[in-house]
Each structure stands twice: as structure tokens, then as C-alpha cells.
Number of protein chains: 2
Amino acid sequence: MPSAHDSDTPPLGDRLGYVFVKAAWKVRQFYAEKLSEVGLLPNQHAILSTLNELGPCHQKALAARVVLDPGDIVAYLDALQKARYVERNRDPEDRRRQIVSITDEGRELLVAADRALDDVESAVFGAMPRERRALLAEATAAISALDSPAGCGD
Amino acid sequence: MPSAHDSDTPPLGDRLGYVFVKAAWKVRQFYAEKLSEVGLLPNQHAILSTLNELGPCHQKALAARVVLDPGDIVAYLDALQKARYVERNRDPEDRRRQIVSITDEGRELLVAADRALDDVESAVFGAMPRERRALLAEATAAISALDSPAGCGD
DNA sequence: TATTGTTATACTCTATAACTATA
DNA sequence: TATAGTTATAGAGTATAACAATA
């Protein structure tokens, strides 16, 4: 079998990491589709949700929390600010900084967005047996906690 | 509490889908970093691996299998062909089509790439007990099998 | 098939302004 | 004060990736 794979080259479907990433990509698409119904990108929802959770905060802290490049958050905030979902105000204590806060309109939109996302979550994960869902949560938490795979950062 | 979230707007970290996607993104970055050591992009590895698994096939079939837009696979194949990792030959039975096949050099590179990915896989998932890994594979497969979340495509 | 263009995302580099510390 | 160094933000530019329209 000249072109068949051997044990050194497993099919992509046999790689747990590959199917894991593929499944997550699908979930993300479901999120994105749902969020587009309320006119939000996933990252914009993450920003609104984080602002609502933390309260007003500096752009840098916000970028760190939502794991966005500080150079990229500007455009997201520009769009959200233009639509009046967030406000930016100079910090009077350090005028280099902007304090970003969610507006009442932003909070309204966030509620609608989260309601929509609840549908996705329950559709994707709600059908699973409880133990399977718990396992998935555990496994993802363990992976998120990895700094860099051991034997990978050499 | 004017800015605190209520039950309608859970923190992002409480959404299983969100942490799932975030963990998978991390895994994908590990893959990408490792693959860059052998000079491959993730999609290029997927192409080589698929060609090795399926044998020579048409670009369209290849694109469908690796879930790439037929209009995007061209550039990946151009690069792989230039580096002699794949060959493109006109199908004698339908000279509009190209038959793509992996070369011996391509297969060598694939072996090296897969060996590198094995390191990532074992670092990320190797710590899990075998049964748990199997369950995780099941859970992700179930998600991948979803067409569109029920109650989502209305 | 291939080309072209658009969008989303991610990263890098540079510029500007404002702060801090020190001579 | 003046100067140097740092920080927060902004903007330009590049790269991967997914997708749409058309040749």
C-alpha cells in the first residue's frame, strides 16, 4: 500500500486534539451566528460581558481579561462606542488612560445576546448526560490551565 | 449593584461553550507552534495528512475533506508543490481536473510533523486516564456531529 | 480550478501623549 | 525646570483564515 498511512502518520480524525479543535470551531460558529442576530461579533460580546462583570475598567485591563491584543481592542471599542453600547472617558487620575464602561443600552443588548447564547449552550451541551458535561468542563479547565505543554517548550 | 451581572448575564467563564472554545484555541496554538518547527501551517499539515490517508485525489475532493474553501486550497497547494511535497497532474480522464498526490519528500515531512504533533497530544491529553480520554473523544465527536443546534436554526 | 476581494482575527512595529523619576 | 525612561493608547502594516463572486 504505497500511499496508506502507517502508525507514524495517523489520520487526522484519530487525533484527539484535532477533533477537539474541530468541535470547538463548530461551537464558536454557533455562537457567532446567534450573536449576529443581535449585531454583535463574538469578541464584542466578550467585551460587553466582561465590562458588565467587572464594571468600568481601563482598556489594557479589559484587553488582558478578554485575551485580545491591546492593538486590536481599539477597533472593537470604536464600533461599540459609536453604537452607544460603551463609553470611553479619560481617567482624571492618569490622563493617558481611558476608562471604558458599559452603557444602559449596552446592558440591554447584552441581556438579549446572553439570552440568545443560552439557547446555543443548551442546544449544544444540554442534551449531554450530566457526567459527560462535567467531564468536558473538567477537561477544558485542565487544558486552559496548561502554560505550555510539557516537553513542548524546549 | 448597578454594574454587576445578574442571572441573565452570566460571566463568560461560566459558559461551558466559551471555556471549551478557549481551551481549543490554546490547543490549536500548540499545534501551530509545533508545526512551524517543520515549516508547515496547520492547514498544510491537514492537506498532507489527508493526501497520505486517501491517496491521490482531486482538489475539490481534497478541499471538501479538509474543510477548506476550494478557492483557498490553491495557494496552499502552490506552496506545497513548490517545495516538492505534493505533485499536481492533470486527470487524463477529465483534463479540467488536477490530481494531487503527496511525494516521497512530502511523506517524510509528514512523518516528522506527526512525530512533533504526538508530543503535543501527549502533553495536552496524555495526563488523562485512558477512559477519560475516550469519553472526551466521544463528547467532542457528538458536538461535531451536530448539524445545527436544535432550537437554533429558527 | 483559479483569481479577486472582503471580513475576522492575530501579531508586530511605530507614533503620540502623558506620566514618573531624577539631575 | 529639563531630561530620560515608561506606560496607555492609537494607527499602519502584515499574515492566517474563512467566505463570496466571478472568470
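So that the names make sense, note that chain A is the first sequence line, chain B the second, and so on, each numbered from 1. Small disclaimer: the values here were computed from a predicted structure and weren't measured.
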Residue set satisfying salt bridge (charged side-chain N to carboxylate O under 4.0 Å, His left out) with B:Asp78, at least two apart, ordered chain then number -> B:Arg88

Have a look at B:Arg95 and say if it touches a base, only the backbone sugar-phosphate, or nothing, with a 4.0 Å heavy-atom cut-off. nothing

Sugar-phosphate, base or nothing in reach of A:Gln29, heavy atoms under 4.0 Å: sugar-phosphate

Taken to the nearest whole Å, CG/B:Leu35 to P/D:dT16 is 13 Å

Return whichever of A:Tyr76 or B:Arg97 has its heavy-atom-nearest nucleotide of DNA chain C closer to the 5' end. B:Arg97

Heavy-atom closest pair (B:Cys57 atom, B:Leu62 atom, distance to 0.1 Å) is SG-CB, 4.0 Å

Please pick, from D:dA17, D:dA8, C:dT9, the nucleotide with the shortest atom-to-atom distance to any side-chain atom of A:Asn43. C:dT9

Atom pair distance, as rounded to whole Å: CG in B:Leu62 and P in C:dA2: 12 Å

N/O donor to acceptor pairs below 3.5 angstrom from side-chain atoms of residues 120-128 of chain A, sequence neighbours left out:
{"unit_1": "A:Glu121", "atom_1": "OE1", "unit_2": "B:Leu16", "atom_2": "N", "d": "3.4"}
{"unit_1": "A:Glu121", "atom_1": "OE2", "unit_2": "A:Tyr31", "atom_2": "OH", "d": "2.1"}
{"unit_1": "A:Glu121", "atom_1": "OE2", "unit_2": "B:Gly17", "atom_2": "N", "d": "3.1"}
{"unit_1": "A:Ser122", "atom_1": "OG", "unit_2": "A:Asp118", "atom_2": "O", "d": "3.3"}
{"unit_1": "A:Ser122", "atom_1": "OG", "unit_2": "A:Asp119", "atom_2": "O", "d": "3.1"}

Could you tell me which residues satisfy side chain to side chain contact (heavy atoms under 4.5 Å, CB included) with A:Arg28, sequence neighbours excluded, listed by chain and number? A:Trp25, A:Pro42, A:Asn43, B:Val21

Taking atom P of D:dA18 as reference, at what distance in whole Å does atom NZ of A:Lys22 sit? 12 Å

Tell me which pairs pass side-chain hydrogen bond (donor to acceptor under 3.5 Å, both in side chains) where either residue lies in residues 127-138 of chain A, with sequence neighbours left out. A:Arg132-B:Glu138, A:Glu138-B:Arg132

What nucleotide, of C:dT9, D:dA18, C:dA10, holds the atom closest to the side chain of A:Leu68? C:dA10

Are any protein N/O atoms closer than 3.5 Å to N/O atoms in nucleotides 10-13 of chain D? If there are, list each pair with its distance.
{"unit_1": "D:dA10", "atom_1": "OP1", "unit_2": "A:Gln98", "atom_2": "NE2", "d": "2.7"}
{"unit_1": "D:dA10", "atom_1": "OP2", "unit_2": "A:Gln59", "atom_2": "OE1", "d": "3.1"}
{"unit_1": "D:dA10", "atom_1": "OP2", "unit_2": "A:Gln59", "atom_2": "NE2", "d": "2.9"}
{"unit_1": "D:dA10", "atom_1": "OP2", "unit_2": "A:Arg88", "atom_2": "NH1", "d": "3.3"}

Going by the rule side chain to side chain contact (heavy atoms under 4.5 Å, CB included), which residues pair with B:Gln44 if we only count those two or more places apart in sequence or in a different chain? B:Leu40, B:Leu41, B:Tyr76, B:Ala79, B:Leu80

